[in-house]
There are 2 protein chains.
Amino acid sequence: MQPDRSPFFLTLFCATILLAAPVRAQPAGSELISGCIPCHGADGISKFGEVPNLAGQNAPYLLNQLRAFHTGRRQHKEMRFMSRNLTEEEMETIAAYFSSLPPR
Amino acid sequence: MQPDRSPFFLTLFCATILLAAPVRAQPAGSELISGCIPCHGADGISKFGEVPNLAGQNAPYLLNQLRAFHTGRRQHKEMRFMSRNLTEEEMETIAAYFSSLPPR
């Protein structure tokens with residue numbers, strides 16, 4: 001007769017849920033935007049007048065601008081640097097992330 | 001003895017107020033933004049995903065971008081055309097106008 005492993009698996013299941021919850025609670029893209037936060041704010045509301053708010057902005061526009069910074073088509077030293085290693089998929093994720101935030 | 005001109009001036013004053021009211025009721029810049037409306041919306045909320053919402057955007061950022069389109073520093077065919085004849089004061093007015101609108 002096999003030993004009853006139910007309590008072990010139940011504990012493992014609960015621990016997994018508890019440990020995974022904080023990760024799942026973060027919206028997609030939050031791990032990518034750490035570099036964006038100092039200028040654009042974690043909530044997409046800029047603390048600097050010359051820096052645009054991104055919260056609630058149209059995602060296709062944001063993606064297009066990210067691509068333009070990435071390739072140098074839109075010239076901006078800091079944004080070129082920040083976007084230099086982003087993949088297309090990561091830019092899509094970042095654009096969708098800021099677009100999903102409530103505007104100020 | 002001078003004729004009493006009070007009724008005339010009172011009528012003139014009232015007529016001026018009544019005629020001026022509809023003009024004053026429009027926020028500053030509304031006469032300038034007629035060219036912006038088709039793409040950016042009268043309320044600063046774009047109907048096109050690839051066009052940015054301007055409502056509630058930071059005025060210094062908007063002004064900086066208008067200047068960049070005007071000079072060609074930020075390359076955008078349509079925006080270069082739309083901004084070609086704007087004065088610095090008009091660009092300031094437009095930036096302040098869209099910034100003052102409530103975001104979506």
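First the proteins, then the strands, lettered A, B, ... as listed; each starts at 1. This structure is a prediction, so every number in the text was calculated from the model and none was measured.
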Measuring heavy-atom distances to chain B, does [X] have an atom under 4.5 Å in its side chain, in its backbone, in both, or in neither?
| X | result |
| --- | --- |
| A:Asn64 | side chain |
| A:Glu50 | both |
| A:Arg74 | side chain |

Original post:
Less than 4.5 Å apart, any side-chain heavy atom of B:Phe98 and any of B:Cys36?
Top reply: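 Yes, close enough: below the 4.5 Å cut-off.
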Original post:
Is any side-chain heavy atom of A:Ile33 closer than 4.5 Å to a side-chain heavy atom of A:Tyr97?
Top reply: yes
**OP:** Count the heavy atoms belonging to other residues, nucleotides or ligands that lie under 6.0 Å from CD of B:Gln75, then report whether that count exceeds 12.
**Re:**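 Result for CD/B:Gln75: open.
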Subject >> Closest contact, heavy atoms only, A:Pro60 versus B:Gly49 >> reply: CB-O, 3.5 Å
